[in-house]
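Working notes for the structure below.
Since this is a predicted model, take the numbers as computed values, not measurements.
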There are 2 protein chains.
Amino acid sequence: MTEQARGLHARVLESLGPAITAGEYPPGSVLRTDELSQEFEVSRSVMREAVRVLESMHLVESRRRVGVTVRPAAEWNVYDPQVIRWRLAGADRPRQLRSLTVLRSAVEPAAAALAARHATAAQCAALTECAIGMVATSRGQQLEGYLRHDIEFHRIILNASGNEMFARLGDVVAEVLTGRTRHQVMFEDPDPAAVTLHVKVAEAVREGDAVRAEELTREITLGALEELDVLAP
Amino acid sequence: MTEQARGLHARVLESLGPAITAGEYPPGSVLRTDELSQEFEVSRSVMREAVRVLESMHLVESRRRVGVTVRPAAEWNVYDPQVIRWRLAGADRPRQLRSLTVLRSAVEPAAAALAARHATAAQCAALTECAIGMVATSRGQQLEGYLRHDIEFHRIILNASGNEMFARLGDVVAEVLTGRTRHQVMFEDPDPAAVTLHVKVAEAVREGDAVRAEELTREITLGALEELDVLAP
DNA sequence: TTCCGCAATAAGTCTGACTTTTAAGTCACA
DNA sequence: TGTGACTTAAAAGTCAGACTTATTGCGGAA
């Protein structure tokens, strides 16, 4: 779905990373590179590169004469898109999905307010187009199409905010929305109220009404949060 | 200040990372590992490990027969604490500081509201202690002490929110506050109004008044934003 | 008991040879 | 002249082995 595993070390990571984030190696566990390289049937150099990457994500710490120790989850770089993907694929998806949605409900309203002030004409047009697309796919089990427009909609808002930190959360939001569609309410059509809200947000941004854009976006994200509460209490 | 350079590859990173984030190698530039390893006087294996880390931060992309190409800034993992530190040390600090402060003003009020609901007695106590510490160091050029309490204060709020994504922004906030103190208003005592606001936030959290905690924290972060506007318009 | 030094251990480093991918150039053929 | 297949070379990728270094923990001496 995202990028292919380029190189042996990447393939090792795709196996070792999820194992760690899933808690298969509890915090404090000690791994040894030689053993790992035998287990995965790769050379030590390849395994060392993989460990370096895990280390840069703060998933593990490598120390001489000790080995590679797994760090407690509280120290992980949980904003790393790869870590997010690994965790969303694991067992504590619900908790992960909830904390990401809470983050969304803090960030997206603020981003929408900024977008209302800074969005270019092209961005307003694209936003409206997305909203229309969402309406068009809101009924009759066209969830894939709806999801695509939904993701694009929120990505445009985040980008149009003009704030780099907001913009870089586009991928996170995409993962959250994808996760929600694929694993939770795959069977029923999206909430009509949410669709209307998106249309109104596009309107508010187009009109430069920051306060209204913020408030409407807050309703969207709070709706997403309530939906989570209903499905996983 | 943070962690020491453990290992050769880390020392290479501390030199190469900032160079890339500073734009010394413009996006699209092609580096070659052999040349780099000669330039930095390390073996290829060490340089390869460094490149792998840069790759995991999405700062570069390594492709066969091409080399290591620098990615455009829009693709960097700007939430990686190491990347944040590198960028704050570079030339576009002001822009970086601003976008981080905007992020703060979106996240911290929400975190404070949650903290008011979920903070433990111990956290409330620690928060009050920090606020007292800030008051005690708010006059007479005790900026180092003030900064320490300020950082701790915001870290407690973010942790007490109970949201993991918020909690992990503690380091980011610490970097921002440190940057502000060290490079901008080192000479003058902190704004008395800000000190008062912190005391009131501690109060509101202690009393479980989410709305007030949120509003007061918003005032703090907006104040920080205005301060930036004054210093770097 | 405490302190110091020794030895074992696992990561760290370097080197050189080899493999694999792939961009780019070349040549023949239509 | 253009297009396709083929060749070449350049750079990353992989591996194996020897060596270095830091660190821990043990055991003996004060």
Would you state whether a donor and an acceptor, one from the side chain of B:Arg64 and one from the base of C:dT21, lie under 3.5 Å apart? no
Per atom distances to the B:Val66 side chain, the nearest of D:dG13, C:dA23, C:dA11 is C:dA23
Starting at atom [atom1] of [X], determine the distance to atom [atom2] of [N], rounded to an integer number of angstrom.
X	N	atom1	atom2	value
A:Arg52	C:dA11	CZ	P	10 Å
A:Leu8	D:dT14	CG	C1'	7 Å
B:Met47	C:dT15	CE	P	13 Å
B:His9	C:dC14	NE2	P	13 Å
B:Arg6	D:dT23	CZ	C1'	10 Å
A:Arg11	D:dG13	CZ	P	13 Å

With side chain to side chain contact (heavy atoms under 4.5 Å, CB included) as the criterion, how do A:Leu169 and B:Tyr79 come out once you've worked through the C-alpha distance, each side chain's angles and the decisive distance to 0.1 Å? CA-CA 9 Å; A:Leu169 289 177; B:Tyr79 283 88; 3.4 Å; yes
Residues in residues 28-46 of chain B with a heavy atom under 4.0 Å of DNA chain D, by number, are B:Leu31, B:Arg32, B:Thr33, B:Asp34
Are there over 12 heavy-atom neighbours, none belonging to B:Glu14, within less than 6.0 Å of that residue's CD? yes
Upstream residue (5' side of DNA chain D) when A:Arg63 and A:Glu49 are each assigned their closest nucleotide: A:Glu49
Tell me whether the side-chain N/O atoms of A:Arg65 come closer than 4.0 Å to OP1 or OP2 in D:dG25. no
For [Y], does its backbone N or O pair with a side-chain atom of [X] as donor and acceptor, under 3.5 Å?
X	Y	answer
B:Arg168	A:Trp76	yes
B:Asn163	B:Phe166	yes
B:Asp171	B:Pro81	no

Is the ring pair A:His154/A:His198 parallel, tilted or perpendicular, if the boundaries are 30 and 60 degrees? perpendicular
